[in-house]
Amino acid sequence: MAPDEALVLVGGAPHCNAGHLAMKDFALNDLVRFDDFYQFNLAVGAERLAGRSSGETPMRLILASMKHETNTFSPVPTGLERFAERALCFAAEVPETFRGTRTGLGAFLDLAREAGAEIVTPVAAEASPSAPVAAQAYARITDAICEAVAGGADGIMLDLHGAMVAESTPDGEGSLLERVRALAPQTPICVNLDLHSNLSEAMVRNCDAMIGYKTYPHVDSYETALQIGRVLLRTLQGEVRPVMAWGNRPLLAQTLRMGHEDEPMKSLLALAVDAEQEPGLLAATVFGGFPLADIHDAGLSAVVVADGNADQAEAVKERLLNACWEQREEFIYRGEPLHEAIARAKKLEEGPVILLDHADNTASGGTQDVMTVIAEVLSQELEDVAVHAVRDPQAVQEMIAAGVGAQVTIDLGGKMDMPSIKRRGESLRVTGRVRSITDGDYVVTGPKNTGMTEHMGASAVLDTGKVQIVVVSYSNEPFDLGAFTSVGIDPRRKKYLLLKSRIHYRAGFAPIARHTITCDGIGVTSSDNSLFTFEHVRRPIFPLDAMEDN
């Protein structure tokens with residue numbers, strides 16, 4: 001069937017979303033010819049834009065951000081205070097905070113300014129990964145966006161994550177977009193998403209165009225937002241008519257196997273980039289998914305945006321997903337015993353050597369206070385080690401009370417139990433000198449979120465003589481050298497850097513690293529699937545279930 005002969009369900013359809021729905025000429029859920037539907041909306045848009053071009057009123061754009069990667073196995077609560085630790089601002093504070101930054105929202109602000117638009121910025125909210133978002137916090141953030149949408153707009157640009165679970169909904173982004181679409185049935189919506197999005201039908205059905213990052217560490221959020229934001233502006237100008245195809249495969253890929261410089265993701269992302277060079281393709285994305293969310297839609301997926309040609313979008317989407325499925329075995333991480341990994345690190349002569357405590361990665365929902373890997377490093381007597389970081393506000397306050405230069409003995413970490421993996425928090429008694437105390441703020445200078453201020457909360461460095469441990473009050477993954485330099489440690493001069501990270505560390509630390517060793521410790525971000533009880537994810541799914549083909 002040719003694109004202009006295709007039928008579209010008013011209200012959107014999973015593989016063919018014309019986007020401007022439920023107008024007076026069409027009843028909701030009517031099945032109409034796509035081209036009739038598109039031409040009607042184009043006429044409405046042209047009439048609106050005619051008024052804009054005459055100088056009567058500027059185009060009005062709503063720009064907002066809501067980002068949280070939810071680990072349903074994490075015990076770390078996610079209220080508004082969790083967002084406030086990272087980014088939570090409203091109205092005029094949003095452009096003040098994000099303008100000039102290399103973030104998705106920064107890109108949307110740049111596009112809107114270039115277009116001479118009236119800009120409405122209801123909220124920008126981002127929290128470090130943790131447990132499902134509290135219902136009250138989710139309502140506060142989504143209500144702010146919906147209140148702005150109810151006031152009317154010509155276009156809506158949303159910078160979302162794609163893997164948010166709230167106490168009130170397992171599909172945080174899908175539920176938000178359903179509300180937005182109901183309030184603005186005639187308004188084009190574009191969405192910028194994280195590579196680890198757990199894509200849902202509701203998310204695709206309720207927007208006009210979406211894209212995801214093609215890097216991990218995520219250093220292209222600005223570029224992907226520019227790309228999809230331009231699709232929205234071109235839609236408003238009548239230059240393109242976006243249609244989307246999406247789908248998934250029963251594959252719970254593991255995060256440690258999604259680095260964009262590593263196979264299999266390197267080749268799969270290259271396929272998506274190549275597809276975008278095809279005439280008529282506006283965007284193509286492979287989403288690795290976030291596997292530590294026990295929800296139905298968790299896992300690998302893809303979405304393709306084409307200019308009016310639903311068949312083209314469908315064919316490219318299938319090509320991407322089939323390539324992903326063929327590489328499913330490569331998405332599974334296989335490690336080594338912790339004591340062997342540390343012993344191997346001890347034999348290396350050149351540093352810095354990166355030691356990844358990936359099972360307690362705060363940027364995947366870890367408590368960031370598990371001491372297992374640190375204890376092994378101390379036991380094997382590695383020297384010249386810097387650790388980032390243990391989240392222990394109580395220990396920070398003890399060091400502040402003691403003062404810089406004081407000798408202290410602290411029961412460090414282990415303040416939080418992890419019932420999902422049947423582990424109690426275990427502190428480690430450590431003696432050392434308080435080397436520095438700071439407010440924990442620093443400005444990112446590396447390629448990820450350049451220009452943003454990172455907030456570690458009140459922070460201190462505990463120096464045991466062989467190991468310097470950064471202790472923070474807020475969850476914070478080390479992806480920028482400022483995580484160390486802001487507290488007085490030069491990471492370039494250390495033999496070992498023990499980082500509670502998975503892949504994001506590469507943004508700042510890969511250029512200085514001589515070796516990297518993955519350390520299989522304990523925590524709710526472990527890559528050992530046997531530790532977790534999955535009750536809601538769609539089954540069968542690989543590797544939880546044996547599967548021969550799709």
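Closest approach of E276 to I211, counting heavy atoms only: OE2-CD1, 4.2 Å. Across every non-hydrogen atom of G229 and C190, the tightest pair is CA-SG, 4.0 Å. Across all their heavy atoms, A91 and T121 have their closest contact at O-OG1, 2.9 Å.
Counting heavy atoms from C-beta on, the side chains of I354 and L499 come closer than 4.5 Å. In this structure the side chain of N71 never reaches within 4.5 angstrom of the side chain of P129, judged on heavy atoms. Within the 4.5 Å cutoff, the side chain of I119 has no heavy atoms near those of the P95 side chain. Side-chain contact check for R492 versus P352: every heavy-atom pair is 4.5 Å or farther apart. At least one side-chain heavy atom of E381 sits less than 4.5 Å from a side-chain heavy atom of K466. Residues V353 and K494 form no side-chain contact, since every pair of their non-hydrogen atoms from C-beta on lies 4.5 Å or further apart. Two residues are said to be in side-chain contact when any heavy atoms from C-beta on lie closer than 4.5 Å; I541 and F534 fail this criterion. Considering only heavy atoms from C-beta on, M456 comes within 4.5 Å of H388 through its side chain.
In this structure, K346 places its NZ atom where more than 12 heavy-atom neighbours from other residues, nucleotides or ligands lie under 6.0 Å away.
We find the OG1-CZ distance between T142 and R140 to be 10.0 Å, quoted to the nearest 0.5 Å. Between atom CD1 of residue I332 and atom CG of residue L256 there is a gap of 11.0 Å, rounded to the nearest 0.5 Å. Taken to the nearest 0.5 Å, the NE2 atom of H161 stands 11.0 Å off from the OG atom of S65. The line from CG of L160 to CD of E173 is 5.5 Å long, rounded to the nearest 0.5 Å. We find the CD1-CG distance between I156 and L232 to be 9.0 Å, quoted to the nearest 0.5 Å. To the nearest 0.5 Å, atom OG of residue S301 and atom CE of residue M203 are 8.0 Å apart.
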Candidate pair Q368 and V76, rule side chain to side chain contact (heavy atoms under 4.5 Å, CB included), full reasoning: CA-CA 10 Å; Q368 203 177 348; V76 182; over 6 Å; no
In sequence, state the C-alpha distance, the side-chain angles, and the governing distance for S527 and R257, and then conclude on side-chain hydrogen bond (donor to acceptor under 3.5 Å, both in side chains). CA-CA 10 Å; S527 296; R257 304 295 298 147; over 6 Å; no
Test side chain to side chain contact (heavy atoms under 4.5 Å, CB included) on L300 and L321; report intermediate values, then the result. CA-CA 8 Å; L300 186 142; L321 287 176; 3.9 Å; yes
Please test S130 against T78 for side-chain hydrogen bond (donor to acceptor under 3.5 Å, both in side chains), starting from the C-alpha separation and ending with a verdict. CA-CA 6 Å; S130 46; T78 313; 2.5 Å; yes
Given N361 and T525, is the side-chain hydrogen bond (donor to acceptor under 3.5 Å, both in side chains) satisfied, shown in steps? CA-CA 6 Å; N361 170 28; T525 68; 5.4 Å; no
Stepwise, does the side-chain hydrogen bond (donor to acceptor under 3.5 Å, both in side chains) test hold for R502 with S364? CA-CA 8 Å; R502 286 190 192 273; S364 293; 3.0 Å; yes
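H260 and Y213 have their aromatic ring centers separated by at least 6.0 angstrom. The six-membered or imidazole ring of Y138 lies away from that of F83, with a centre-to-centre distance of 6.0 Å or more. Taking the ring centroids of Y442 and H455, they lie at or beyond the 6.0 Å cut-off.
A salt bridge links R334 with E329: the distance from a Lys NZ or Arg NE/NH1/NH2 to an Asp or Glu carboxylate oxygen falls below 4.0 Å. With respect to D357 and K500, a salt bridge is recorded, a charged nitrogen being found less than 4.0 Å from a carboxylate O. The pair R319-D274 fails the salt-bridge criterion, with no side-chain N (NZ, NE, NH1 or NH2) lying under 4.0 Å from an Asp/Glu carboxylate O. At a threshold of 4.0 Å, the pair K67-D194 does not count as salt-bridged, since none of the basic side-chain nitrogens sits closer than that to a carboxylate oxygen.
Although no hydrogens or angles enter the test, the distance criterion places a donor-acceptor pair under 3.5 Å between the side chain of Y496 and the main chain of A345.
With T224 as the fixed residue, the side-chain hydrogen bond (donor to acceptor under 3.5 Å, both in side chains) test singles out one of T285, N192, T215: N192. With R86 as the partner, the salt bridge (charged side-chain N to carboxylate O under 4.0 Å, His left out) test is satisfied by one option alone out of E454, E477, E81: E454. Under the side-chain hydrogen bond (donor to acceptor under 3.5 Å, both in side chains) test applied with Y333, the options D520, D528, T255 reduce to a single match, D520.
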